[in-house]
Asks: 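Below: one structure in structure tokens.
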Amino acid sequence: MLMLQSLCAGSSAMDATESKSQRRPFSIKLWPPSQNTRQMLVVRVTDNLTTKSIFTQKYGSLSKEEAEENAKRIEDVAFATANEQYEKEPDGDGSSAVQLYAKECSKLILEVLKRGPSSKDDKEVLASKEVSAPHDTVFDISKGTRSFIEATEAEEILKPLKEPGNFYTKICFSNRSFGLEAAHVAEPILASIKDHLKEVDLSDFIAGRPEAEALEVMNIFSTALEGSILKSLNLSNNALGEKGVRAFGALLRSQSCLEELYLINNGISEEAAEAVCELIPSTEKLTVLQFHNNMTGDKGALAISKVLKRSPLLEDFRCSSTRVGSEGGVALSEALETCTHLKKLDLRDNMFGVEAGVSLSKALSKYAGLTEVYLSYLNLEDEGAVAIASALKESAPSLEVLDMAGNDITAEAAPIVAACIAEKQHLTKLNLAENEFKDEGTIKISKVMEEGHLQLKEVDMSTNSIGRAGARVLARVVVQKPEFKFLNIDGNFISDEGIDEVKKMFEKFPSRLGSFDENDPSGGGDEEESGEGECDEHELESKLENLEVNKED
């Protein structure tokens, strides 16, 4: 049994260590275990029930089939018990939950062995439990073909939710469209289990329904789930608009412990954003808020900024592709200054402009724990990019992803951008595509990555007016990184000779180099035709060979 406890603790610690090295260098969470760890534990429990040991010699062993069935039940019960313990102390590292998980498994294994082999039809509960052991904590009907659900099918599909003693904490109804009759079938079932629920995913669950029917279905689900104490709510990919948001009013108003809210691709207009702000009374515990692909606009951003101001624990904020311009960008940026725990920020594909970019830099300077920042296609230009790079240079020491593609950044801003990158030794992905860094800027950025940056995996400098010199230096730097996976420098002006040189550098790892289908070898001018191009490129490299980025800029 001690071997079993070691597996539980060891595997969970391994998961946490991997998580630490890859995503969150400053925190270790031992709970919950990954699905892989849970499966490994089922295998180990099965072995304990079937292989020779002092316990199986004393009480007898089980057949493989019966052992596997019991092992799954044992793991389910142990997980549910440990998870309940973890819920009481969510700020802990999860070590007590891991210990309880292993302890429960060991206890239940011994009880099953003492009980001895049972018939195939025996559906009795484990001796230590007075109610049926849960088969799972997640009820998910989203797999398979997207389809409409009517009353008869709803009765059959939702039957497991009616089983006595089930312990479902998460339901996912995504990808299945509920009609009015199906919603009436679901209503009492959801009401009966809502006190157990922690996560509800109703994304894309009314597709293809007429507006009146869809709104009524939303009202039914909202009323059924009203009063549940959820940690996560996903209403994405439903054509909500203001009417839809208000149709979920009963559910939204009743939430005081919500930690994650997803409103992606919901038609969140100005009015709908104001409704969200109005209907969620408490966002003090909110850590994830995502609004991707909506029609929010500047005025809608003003409403969202109010939500941000009362969400001090926010760690993940996504407001990408939401038609937010300068005014809304400034409002969001000012509100984000209160979200000092932010780890992931995604504002891609909006129309912020320089003023909002400068305003955003003030918020970025406060993020010590930021690991991912996505700021592509914001019309930042050099001034906005320099402000942001300068702020990030002094903050976010563990930044892993930096995305500033499509912002009209030129080589003039390269020294500051390079100085920022120089400080980011945990960087795994760098995306500066669709700018105007040219050879000069590309070489400056490449040079600061020569030393260190051992975790770098992806670099995208496509469509930057780069020639042979810049491509050669960048390729030479990244190909030597031990974790490197992919370089994209397509859409530039690299000569055929330059492409051959880059391919030569990657000859041992051809899959790590992107294509050159969009490259235009003649796009950079005709200087190479006179034979002077190579000299110019070598001269440029020579001038920049000993480049030192001024870290005081």
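If you're wondering where the values come from, they're calculated on a predicted model, not measured in any experiment.
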Asks: Quick one: does any side-chain atom of N266 pair with a main-chain N or O of L235 as donor and acceptor, under 3.5 Å?
Replies: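 Yes.
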Asks: A side-chain contact here means heavy atoms from C-beta on lying under 4.5 Å apart; do T283 and L258 qualify?
Replies: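 With C-beta onward as the side chain, the pair stays apart.
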Asks: Minimum heavy-atom separation for L375 and L380, please, with both atom names.
Replies: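 Taking L375 first and L380 second, the nearest heavy atoms are O-CD1, 4.1 Å.
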Asks: So, the side chain of S203 versus the backbone of N237: is there a donor-acceptor pair under 3.5 Å, distance only?
Replies: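 No, the answer is negative, given that no donor and acceptor are paired below the 3.5 Å cut-off.
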Asks: As a quick check of understanding, evaluate side-chain contact (heavy atoms from CB on, under 4.5 Å) for Y101 and L41, giving each step before the final call.
Replies: CA-CA 10 Å; Y101 186 39; L41 187 55; 3.3 Å; yes
Asks: When you measure from the side chain of N234 to the backbone of C172, do you find a donor-acceptor pair of N or O atoms at a distance under 3.5 Å?
Replies: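 Side chain of N234 to backbone of C172: no pair is present.
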Asks: Step by step, would you call Y262 with S232 a side-chain contact (heavy atoms from CB on, under 4.5 Å)?
Replies: CA-CA 8 Å; Y262 301 89; S232 177; 3.8 Å; yes
Asks: Check N238 against I206 and note the closest heavy-atom contact, atom names and distance.
Replies: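 Closest approach of N238 to I206: OD1-CG1, 3.4 Å.
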Asks: Distance check, rounded to the nearest 0.5 Å: L289 atom CG versus C319 atom SG?
Replies: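 SG of C319 is found 8.0 Å from CG of L289.
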Asks: Are S333 and E355 side-chain neighbours, meaning at least one heavy-atom pair lies under 4.5 Å?
Replies: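 Side-chain contact under 4.5 Å: no.
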Asks: I need the single residue from N350, T296, D298 that forms a side chain to side chain donor-acceptor pair (under 3.5 Å) with T322. Which is it?
Replies: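 Going through the options one by one, the only one that passes is N350.
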Asks: Distance-only, no hydrogens or angles: does the N407 side chain make a donor-acceptor pair with backbone N or O of A405 under 3.5 Å?
Replies: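 The answer is yes, because a donor-acceptor pair under 3.5 Å joins these two groups.
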Asks: Can you name the closest pair of heavy atoms from E226 and K194 and give their distance?
Replies: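 For E226 versus K194, the nearest heavy atoms are O-NZ, 2.6 Å.
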Asks: Is the side chain of N48 donor-acceptor paired with the backbone N or O of T46 at a distance under 3.5 Å, no angle test?
Replies: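 Side chain of N48 to backbone of T46, a donor-acceptor pair under 3.5 Å: no, none is there.
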Asks: Would you say T338 and P312 make side-chain contact, with heavy atoms under 4.5 Å?
Replies: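 Result no, sub-4.5 Å side-chain heavy-atom pair not found.
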Asks: Using residues 176-191 as the side-chain source, report each donor-acceptor pair under 3.5 Å to any protein atom, sequence neighbours left out, with the distance given to one decimal.
Replies:
| residue | atom | partner | partner atom | Å |
| --- | --- | --- | --- | --- |
| R176 | NE | S147 | OG | 3.0 |
| R176 | NH1 | I141 | O | 3.3 |
| R176 | NH2 | S147 | OG | 3.3 |
| R176 | NH2 | E153 | OE2 | 2.8 |
| S177 | OG | A207 | N | 3.4 |
| S177 | OG | A207 | O | 2.7 |
| S177 | OG | R209 | NE | 3.0 |

Asks: Look at atom CD1 of I229 and say whether more than 12 heavy atoms of other residues, nucleotides or ligands are closer to it than 6.0 Å.
Replies: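 No, CD1 of I229 has 12 or fewer neighbouring heavy atoms, counting only those of other groups under 6.0 Å.
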Asks: Looking at every non-hydrogen atom in both residues, tell me the closest pair between D403 and S376 and how far apart they are.
Replies: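 Scanning both residues completely, I find the closest heavy atoms to be OD1-CB, 3.2 Å.
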Asks: Report yes if some heavy atom in the side chain of F317 is under 4.5 Å from a heavy atom in the side chain of I304; otherwise report no.
Replies: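 They are in side-chain contact.
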Asks: Looking at OG of S282 and CD of Q255, how far apart are the two atoms once the value is rounded to the nearest 0.5 Å?
Replies: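 Rounded to the nearest 0.5 Å, the OG-CD separation comes out at 10.0 Å.
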Asks: At their closest point, which heavy atom of S395 faces which heavy atom of L364, and how far apart are they?
Replies: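 In terms of heavy atoms, the two residues are closest at OG-O, 2.9 Å.
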Asks: Check whether any side-chain heavy atom of L345 sits under 4.5 Å from a side-chain heavy atom of L360, and report yes or no.
Replies: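 A side-chain contact exists here, since the closest heavy-atom pair is under 4.5 Å.
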Asks: Quick one: do the S142 and N175 side chains pair a donor with an acceptor below 3.5 Å?
Replies: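 The answer is no; no qualifying pair exists.
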Asks: When you measure from the side chain of S359 to the backbone of A356, do you find a donor-acceptor pair of N or O atoms at a distance under 3.5 Å?
Replies: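 Not confirmed, S359 side chain does not pair with A356 backbone.
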Asks: Can you tell me how far the CG atom of L251 sits from the CG atom of N219, to the nearest 0.5 Å?
Replies: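 Those atoms lie 11.0 Å apart.
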Asks: Side-chain contact test, heavy atoms from C-beta onward, threshold under 4.5 Å: evaluate it for Y377 versus E434 and give yes or no.
Replies: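 Yes, side chains in contact.
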Asks: For the aromatic rings, using the six-membered ring if either is Trp, is the centroid distance between Y168 and F139 under 6.0 Å?
Replies: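 Yes - the distance between ring centres of Y168 and F139 falls below the 6.0 Å cut-off.
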Asks: Between the side chains of E68 and K64, is the shortest nitrogen-to-carboxylate-oxygen separation below 4.0 Å, so that they form an ion pair?
Replies: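 Yes, charged N to carboxylate O under 4.0 Å.
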Asks: Does atom CD of E337 have more than 12 heavy-atom neighbours from other groups under 6.0 Å away?
Replies: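 Enclosed: over 12 neighbouring heavy atoms sit under 6.0 Å from CD of E337.
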Asks: Between E284 and S256 (side chain of the first, backbone of the second, donor and acceptor by atom type, cut-off under 3.5 Å), is there such a pair?
Replies: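 No: the side chain of E284 does not pair with the backbone of S256.
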Asks: side-chain contact (heavy atoms from CB on, under 4.5 Å), that's the test. Do R73 and V112 meet it? Break it down for me.
Replies: CA-CA 11 Å; R73 290 177 180 167; V112 168; over 6 Å; no
Asks: Without swapping roles, check the side chain of D76 against the backbone of I74 for a donor-acceptor pair under 3.5 Å.
Replies: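 Answer holds: no.
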Asks: Any side-chain heavy atom of D204 within less than 4.5 Å of one from N265?
Replies: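 Sidechains of N265 and D204: no contact.
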Asks: First locate atom NZ of K343, then atom CD of E315, and finally report the distance between them rounded to the nearest 0.5 Å.
Replies: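 The CD atom of E315 is 4.0 Å from NZ of K343, to the nearest 0.5 Å.
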Asks: Begin from the C-alpha positions of I171 and I193 and carry the test side-chain contact (heavy atoms from CB on, under 4.5 Å) through to its verdict.
Replies: CA-CA 10 Å; I171 58 172; I193 66 169; 4.3 Å; yes
Asks: How many angstroms lie between CG in L197 and OG1 in T169, if you round to the nearest 0.5 Å?
Replies: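 Here the interatomic distance stands at 7.5 Å.
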Asks: Under a 4.5 Å cut-off applied to non-hydrogen side-chain atoms, are L202 and L225 in contact?
Replies: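 Yes - at least one pair of side-chain heavy atoms lies under 4.5 Å apart.
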Asks: Taking E259's backbone N and O only, do any of them form a donor-acceptor pair with T287's side chain (distance below 3.5 Å, no angle check)?
Replies: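 Answer holds: yes.
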Asks: Where is the tightest heavy-atom contact between G329 and V324, given as atom of each residue plus distance?
Replies: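 For G329 versus V324, the nearest heavy atoms are N-CG1, 3.4 Å.
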Asks: Considering only NZ, NE, NH1 and NH2 on the basic side and carboxylate oxygens on the acidic side, decide whether K72 and E75 come within less than 4.0 Å.
Replies: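 Here K72 does not pair with E75 in a salt bridge, since their nearest N and O are not under 4.0 Å apart.
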Asks: Determine yes or no for a side-chain-to-main-chain donor-acceptor pair under 3.5 angstrom, with E270 supplying the side chain and G297 the backbone.
Replies: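 Looks like no, no N/O pair under 3.5 Å.
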Asks: Please report the interatomic distance CD1(I264) to CZ(F291), rounded to the nearest 0.5 Å.
Replies: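 The CD1 atom of I264 sits 10.5 Å away from the CZ atom of F291.
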